Each structure stands twice: as structure tokens, then as C-alpha cells.
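Have a look at the structure below before the remarks.
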Amino acid sequence: MESCSKKRNDYSIIGKGDPILVMHGGHSNCLEEFGYRALVENGFSVITPSRAGYGATSKKVGKSLATACSYYTRLLAHLNIEKVHLLAISAGGPSGIYFAAHYPELVASLTLQSAVTKEWLTPRDKEYKAARFLFRPKVEKYTWKLISLMNNKFPQYIFKQMFPSFSNLTYDEAKSKLNKEDVEAMRKMNNRQLSGYGFFIDLIQVNEISSKDLQAVSCPTLIMHSKHDGSVPLEHPYYANENIRSSELCLLDSWGHLIWLGKSSEETDINLIKFLNSNQILGVGKY
């Protein structure tokens with residue numbers, strides 16, 4: 001893996017081949033790894049910048065979606081990449097949509113995975129109020145430290161406790177969809193997550209995206225979402241599918257928001273690789 005941390009931008013690169021630019025989800029950074037193995041094994045280069053306020057990327061980059069996306073174009077120019085597949089995950093959805101809408105010449109395809117595509121958490125939501133308290137910049141490191149310590153000591157217990165935040169199914173209903181590796185995957189996730197200023201920026205920017213942005217997306221688009229997502233409601237993929245004219249909706253029977261886990265994770269990988277291969281980048285942009 002190649003990585004670079006600068007004053008304003010923090011990113012990682014893994015693999016060789018057609019480049020995929022990843023807009024990671026909330027509480028994540030350039031060290032994200034869900035779904036990456038299949039992409040690298042199938043001949044793709046995965047480029048992950050830490051979004052505004054996450055990792056070592058400056059919170060100033062998050063002044064607006066427009067400002068943030070202009071930094072991503074500079075990163076691609078720095079890497080001499082002319083065109084990418086764009087992969088936007090969860091709270092990274094608005095960044096991916098805005099980038100695809102405003103820089104169509106740089107984007108060969110767009111994939112939305114468990115992505116926010118419209119108004120999401122607002123001040124009237126209890127989840128918003130809890131997030132404002134638990135993940136504010138002066139507190140979030142302690143919040144994640146406590147979560148990771150508890151998760152390392154009681155992995156199965158913490159998995160069950162966190163499960164309802166990711167799935168609309170009860171734990172008993174989802175048992176047949178779980179893999180034995182899921183508990184360890186969530187433990188690792190909780191050990192690498194930090195919010196910085198990023199999640200507070202997300203709470204603002206997720207509500208900046210408009211239907212006009214979605215309607216301006218012209219590249220082939222794959223919308224992947226779990227039928228049982230407990231974090232980002234099904235209204236979001238349906239809304240994206242209605243407004244992006246060149247989109248295809250892929251609803252998965254995974255146990256919840258983390259579509260790279262569970263017994264259907266292979267289906268997630270197969271559908272994504274098939275879509276990317278059908279929209280290959282020819283002659284430009286290889287890393």
C-alpha cells in the first residue's frame with residue numbers, strides 16, 4: 001500500500017489496474033478496507049482519500065462539497081490519473097454524487113454502496129442528537145477508545161449490542177445471514193474508526209445534495225443497498241434510482257448496512273466487479 005499524509009490531503013493506494021476513487025463512509029479514513037480485497041484481486045487500483053476532517057485531511061477541505069471535490073480533482077492530477085471509477089459509501093454518498101455530477105469527464109462509472117443520497121440525519125432526529133454528543137471533536141477519541149476496548153474484550157457481546165444500528169432485522173432473524181467472520185470484522189472496524197471533525201462535517205454536507213445533482217449524473221451508475229439496512233433507509237437507493245437516469249438498482253439480501261459482511265458478501269463483490277468490468281477505462285487513467 002502506498003500512503004501519503006499532507007497538510008490538506010491524506011490518502012492511500014492499494015493494487016494495480018483501472019483506478020477506483022473511494023469516498024469512504026462516516027467515522028472512516030484512508031485506511032478503510034471493507035470490500036477492497038476483491039477489487040485488488042480482480043485487477044483494480046483502489047485510491048482512498050480521507051474525506052474532509054477525517055484522518056490527516058484538513059477540516060478546511062470540508063467548507064463545502066464543491067471545495068472538497070476540487071481537492072479530489074487535484075489529487076487525481078497529482079497522480080496523473082485522467083479517469084476513475086467512483087465508489088461512494090454510506091455518508092460518502094453525497095461526495096460521490098457531487099463529484100460525478102460536476103466532473104463527468106473524470107468519471108467512468110459511479111457505484112453507490114449503502115449510500116446517503118438525500119436528506120438524512122437532521123437536528124430533530126434522536127440519532128443526530130446522540131451523534132452530536134458522542135462524536136464531537138473533543139470527545140470522539142475517547143468514545144472510540146472505549147468502544148474498541150470493550151469490543152476487544154467482549155467481541156460477541158458488542159457485535160450484538162451494535163447490530164440494531166446496522167440492521168432492521170432482529171439478531172435472531174439475521175442469524176442465517178451471518179458469517180462467523182463478521183464478529184471479527186466489526187471488531188477490526190471499531191479499532192480503526194475515528195471521527196475527527198469529519199462526522200460533524202458529514203452531518204452538514206449530507207443535506208447539501210439536491211435532486212439536481214443526482215439528475216446531472218450522466219455516467220453508468222450501480223446502486224447497491226441491503227433490503228435490511230438499519231442505518232440508511234431504503235428511501236435513499238430508490239430516490240437515487242429515480243433521479244439518476246443511467247442507474248441500475250441492486251438490492252441485496254445482506255443482514256444490514258455493512259454489505260461486505262455476511263453470507264451475501266460474495267454477491268456484493270460479484271455484482272460490483274461485473275459492473276466495473278462492463279464499464280472499463282480504456283486507454284487513460286491507469287495507475
Side-chain angles (χ1 to χ4, degrees), residues 1-41 44-63 65 67-81 84-100 103 106-107 110-116 135 137 140-141 144-145 147-148 185-202 205-206 258-260 272 276 285-287:
M1 176 186 287
E2 174 184 335
S3 65
C4 180
S5 177
K6 296 185 177 181
K7 183 178 180 181
R8 288 190 176 277
N9 221 332
D10 183 34
Y11 66 90
S12 67
I13 301 173
I14 185 170
K16 298 288 184 181
D18 276 2
I20 300 173
L21 180 65
V22 178
M23 304 296 184
H24 63 73
H27 311 296
S28 187
N29 52 58
C30 67
L31 300 179
E32 182 55 72
E33 55 187 54
F34 278 151
Y36 284 24
R37 176 180 292 181
L39 295 172
V40 172
E41 290 177 351
F44 293 93
S45 171
V46 184
I47 305 159
T48 311
S50 292
R51 294 192 295 106
Y54 289 110
T57 299
S58 171
K59 63 181 180 180
K60 294 179 181 178
V61 175
K63 182 178 179 182
L65 283 175
T67 302
C69 287
S70 73
Y71 277 95
Y72 304 139
T73 67
R74 295 179 196 181
L75 173 60
L76 295 182
H78 169 71
L79 296 172
N80 296 312
I81 293 176
V84 296
H85 295 293
L86 193 55
L87 174 57
I89 300 166
S90 193
S95 298
I97 292 164
Y98 190 94
F99 192 92
Y103 298 98
L106 298 177
V107 182
L110 170 65
T111 301
L112 299 172
Q113 291 189 324
S114 307
V116 173
F135 302 116
E140 58 88 22
K141 287 183 181 179
W144 285 113
K145 186 66 175 176
I147 290 172
S148 63
M186 186 176 287
R187 187 195 69 79
K188 287 182 177 179
M189 178 189 77
N190 285 333
N191 274 267
R192 66 176 177 261
Q193 289 199 312
L194 285 172
S195 308
Y197 287 90
F199 197 66
F200 267 38
I201 293 171
D202 282 348
Q205 289 189 350
V206 294
L258 305 177
I259 60 175
W260 316 273
L272 177 56
L276 295 173
K286 296 231 178 185
Y287 185 79

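Model, not experiment: these values are computed from the prediction.
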Minimum side-chain heavy-atom gap [X]-[Y] below 4.5 Å:
| X | Y | result |
| --- | --- | --- |
| Val107 | Leu21 | no |
| Lys188 | Asn190 | no |
| Tyr98 | Gln205 | no |
| Thr111 | His85 | no |
| Ser28 | Tyr54 | no |
| Leu258 | Met186 | yes |
| Ser45 | Ile20 | no |
| Leu106 | Phe99 | yes |

Original post:
With sequence neighbours excluded, what pairs up with Thr73 under the side-chain hydrogen bond (donor to acceptor under 3.5 Å, both in side chains) test?
Top reply: none
Subject >> Trace of the side-chain contact (heavy atoms from CB on, under 4.5 Å) decision for Tyr11 with His78 >> reply: CA-CA 12 Å; Tyr11 66 90; His78 169 71; 3.7 Å; yes
Indicate the atoms forming the closest heavy-atom contact of [X] with [Y], along with that distance.
| X | Y | answer |
| --- | --- | --- |
| Ser114 | Ile259 | OG-CG2, 3.7 Å |
| Cys69 | Ser95 | SG-O, 3.7 Å |
| Gly26 | Ala91 | N-CB, 3.8 Å |
| Pro49 | Cys30 | C-CB, 4.3 Å |
| Leu110 | Ala100 | CD2-CB, 4.1 Å |

**OP:** Could you walk me through whether Val84 and Asp18 pass the side-chain contact (heavy atoms from CB on, under 4.5 Å) test, one step at a time?
**Re:** CA-CA 7 Å; Val84 296; Asp18 276 2; over 6 Å; no
Subject >> All ring-ring contact (aromatic ring centres under 6.0 Å, His included) counterparts of Phe44, not counting sequence neighbours >> reply: none
Quick check against the 3.5 Å criterion: does [X] have a side-chain atom that pairs as donor or acceptor with the backbone of [Y]?
| X | Y | answer |
| --- | --- | --- |
| Ser50 | Ala56 | no |
| Ser90 | Gly92 | no |
| Glu32 | Gly25 | no |
| Asn29 | Gly55 | no |

**OP:** Please test Leu272 against Leu39 for side-chain contact (heavy atoms from CB on, under 4.5 Å), starting from the C-alpha separation and ending with a verdict.
**Re:** CA-CA 9 Å; Leu272 177 56; Leu39 295 172; 3.8 Å; yes
Subject >> salt bridge (Lys or Arg N to Asp or Glu O under 4.0 Å) pairs, two or more places apart, involving residues 47-57 >> reply: Arg51-Asp202
Subject >> Pairs touching residues 19-29 that satisfy salt bridge (Lys or Arg N to Asp or Glu O under 4.0 Å), sequence neighbours left out >> reply: none
Name all residues meeting the side chain to side chain contact (heavy atoms under 4.5 Å, CB included) criterion together with [X]; count only those two or more places apart in sequence or in a different chain, and write none if there are none.
| X | result |
| --- | --- |
| Lys59 | Tyr197, Ile201 |
| Ser195 | His27, Phe135, Glu140, Trp144, Phe199 |
| Lys145 | Ser148, Leu149 |

Subject >> Residue among Ile47, Val46, Leu79, Ile13 satisfying side-chain contact (heavy atoms from CB on, under 4.5 Å) with Pro19 >> reply: Ile47
Subject >> Passing option when Met23 is tested against Thr48, Ile89, Leu86, Ile97 for side-chain contact (heavy atoms from CB on, under 4.5 Å) >> reply: Leu86
Subject >> Check: His24 ring centre within less than 6.0 Å of Phe34 ring centre >> reply: no
**OP:** Assess whether side-chain contact (heavy atoms from CB on, under 4.5 Å) is satisfied between Val22 and Tyr36, documenting all intermediate values.
**Re:** CA-CA 10 Å; Val22 178; Tyr36 284 24; 3.5 Å; yes
Subject >> Rounded distance [0.5 Å steps], CD1 in Ile147 versus CG in Asn191 >> reply: 10.5 Å
Original post:
With sequence neighbours excluded, what pairs up with Glu33 under the salt bridge (Lys or Arg N to Asp or Glu O under 4.0 Å) test?
Top reply: Arg192
